[in-house]
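Beneath this line is the structure, given in structure tokens, with notes to follow.
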Amino acid sequence: MTAPRTPAPGPRKAFGRLSLPERTYVADALRTETVGGVLLLVAAVTALIWANVPALHDSYESVGDFHFGPEALGLNLSVAHWAADGLLAVFFFVAGIELKRELVAGDLRDPRAAALPVVAALCGMAVPALVYTLTSGIGGGSLAGWAVPTATDIAFALAVLAVIGTSLPSALRAFLLTLAVVDDLFAILIIAVFFTDHLDFLALAGAVLGLAAFWLLLRKGVRGWYVYVPLALVVWGLMYNSGIHATIAGVAMGLMLRCHRREGEEQSPGERIEHLVRPFSSGLAVPLFALFSAGVAVSGGALADVFTQPETLGVVLGLVVGKTVGVFGGTWLTTRFTRASLNDDLAWADVLAVAVLAGIGFTVSLLIGELAFEGDASMADSVKAAVLTGSLIATAVAVVLLRIRNAKYRRLTEDEERDDDLDGVPDVYEEEDPAYHLRMAAIHERKAAEHRRLAREKAEGRPGLAGVPGGAGEGHDDPA
């Protein structure tokens, strides 16, 4: 006789349930990003008001152009420049930690699970770049801004979810977060490769040596912010003077941190540092960058120009159309040509809504716009206006799509969070645990005993039972 064959495993579910540790991490990360996203919205609105009220416009320009810093070190920069090159280095430092954690402990660790967000992210960058190139090229515009619509702003997207109050399931939120992490990685590579005009090899060598020292200290287990913060500032200054965008230093140091837990550790060093730095990044660094980058003219003529200039039209179409087609198409292709299948609780309309939401490009798109048109201040401002316009259109469309399905999302979220045995762990993660069923059996037995007692007291004609919830006295003779 031949041994019975083990049945082949079924197809993997796309947007399936997260593991409990991953769900906890994602919930914590998204909570901080959501708060940061609201602050980002406030900063953007403040910048637009500050820059467009005639009585305040000059002060906005003068504050943004105010220079300070050591001239001898090549760091006498404007406030706006410090925000873009200095504060955003903190943002990319956190992005580097996120990417490292995803690679060693998150979804990107498993090539099969990583395929979906990676392919979706790559398609979600390639298609917007193609849309911009075609639109601007056909219109006779500059191709320099091809990378502007390729980035997704996770904080802005989560702020939109918070404001409209949608109960997006955790699997879709995690997909959006992972998509943005991969998106940030390739945005960093684009900045490093395509926006480096000159190189100072001596300064670059110093930055590399500083990074090597940073890595060696981490490997030796040296602890103390007073060691790493001064070293990080030196590496950042050298990277800035090398000609490579200084934010690269941030992501490089983030990638060096250990993000896997050793025996006895509740958190890895990377997780601990991310937990400390993320609020500063989301709550201060990114909003300040937005404050000094989003202040563009929003007059009727300026907004009309967004749809008439080939460069700005390319940015708007890239964010609204390119991102949607890229992310949705990449997700569909992955499920079509692999064994993955869509989660039974979700529909392709949900994937479409998330794909539209990914068209909200703000922080990194504004940064790339400044770099792409560095020598043309007028076009740089027009591209910023296009980023804002495209992001607002994507927001409006996503809000409509998400609200249509919100009742379904609310039910899914309630099922995910139900904890009937009150042990602090959602029931969906304990369905295979016999101890969970024993706890639930005990709970049901206590309820049944109480109902039997109430029914017995009613049968004996005891007074005072009317109005007891769930017992006799409800105005019917059914068993309790």
Side-chain angles (χ1 to χ4, degrees), residues 21 25 29 32 69-70 72-75 77 82 84-109 114 181-182 184-193 195-196 198-282 284-285:
Y25 169 81
T32 305
L73 299 179
L75 295 175
L77 310 177
W82 276 110
D85 285 54
L87 291 177
L88 276 195
V90 180
F91 167 79
F92 280 110
F93 174 70
V94 174
I97 299 175
E98 288 178 334
L99 177 63
K100 179 68 172 290
R101 187 202 163 277
E102 288 291 334
L103 289 170
V104 302
D107 285 346
L108 300 183
R109 175 182 55 178
V181 170
V182 178
D184 286 340
L185 168 65
F186 286 99
I188 291 163
L189 293 176
I190 288 172
I191 292 171
V193 174
F195 296 103
T196 300
H198 67 280
L199 282 176
D200 183 327
F201 288 100
L202 185 61
L204 181 59
V208 171
L209 288 175
L211 289 172
F214 191 89
W215 179 84
L216 186 61
L217 291 170
L218 289 172
R219 297 287 81 76
K220 294 294 184 181
V222 176
R223 304 184 67 174
W225 65 268
Y226 47 83
V227 174
Y228 292 102
V229 171
L231 179 58
L233 291 174
V234 170
V235 171
W236 176 87
L238 289 169
M239 188 69 75
Y240 175 82
N241 283 287
S242 73
I244 296 177
H245 202 271
T247 53
I248 305 301
V251 72
M253 287 183 279
L255 286 169
M256 290 181 182
L257 293 175
R258 177 169 62 83
C259 291
H260 63 274
R261 301 178 188 179
R262 292 175 179 169
E263 187 175 354
E265 286 185 336
E266 292 185 4
Q267 285 185 314
S268 66
E271 291 172 319
R272 185 172 62 253
I273 292 172
E274 180 188 7
H275 181 74
L276 293 172
V277 178
R278 185 190 287 276
F280 175 79
S281 170
S282 300
L284 184 66

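Side chains included, hydrogens not; waters and symmetry mates left out as well; all remaining heavy atoms used. One-based numbering along the sequence shown.
Contact detail for A207 and M239: the closest heavy-atom pair is CB-N, 3.9 Å. When every heavy atom of H260 is checked against every heavy atom of V104, the shortest pair comes out as N-CG2, 4.2 Å. Annotation for F280 and V90: closest pair CD2-CG1, 3.6 Å, computed over non-hydrogen atoms. Nearest heavy atom pair, residue A246 against residue D85, reads CB-O, 3.8 Å.
Residues M256 and F214 meet the side-chain proximity criterion, which asks for heavy atoms closer than 4.5 Å. The closest side-chain heavy-atom distance from L255 to L99 is below 4.5 Å. Taking 4.5 Å as the limit, every side-chain heavy atom of L73 sits out of range of all side-chain heavy atoms of Y240. Under the 4.5 Å side-chain criterion, counting only non-hydrogen atoms from C-beta, L218 is not in contact with R258.
With values rounded to the nearest 0.5 angstrom, L216 atom CG is found 12.5 Å from L211 atom CG. Within the model, atoms CG of D184 and CZ of F91 stand 4.5 Å from one another, a figure rounded to the nearest 0.5 Å. The distance from atom CH2 of W236 to atom OG1 of T247, rounded to the nearest 0.5 Å, is 10.5 Å. T196 contributes atom OG1, which lies 7.5 Å from atom CD1 of I248 (distance to the nearest 0.5 angstrom). Distance check: L75 CG to N241 CG gives 5.5 Å after rounding to the nearest 0.5 Å. Atom CD in E98 sits 11.5 Å away from atom CZ in F92 (nearest 0.5 Å).
For L217, the side chain to side chain contact (heavy atoms under 4.5 Å, CB included) test picks out V222, V227, Y228, L231, with sequence neighbours left out.
Annotation for R272: atom CZ counts as buried by contact number, over 12 foreign heavy atoms lying within 6.0 Å. Environment of CG in L189: crowded, with over 12 heavy atoms of neighbouring residues, nucleotides or ligands closer than 6.0 Å.
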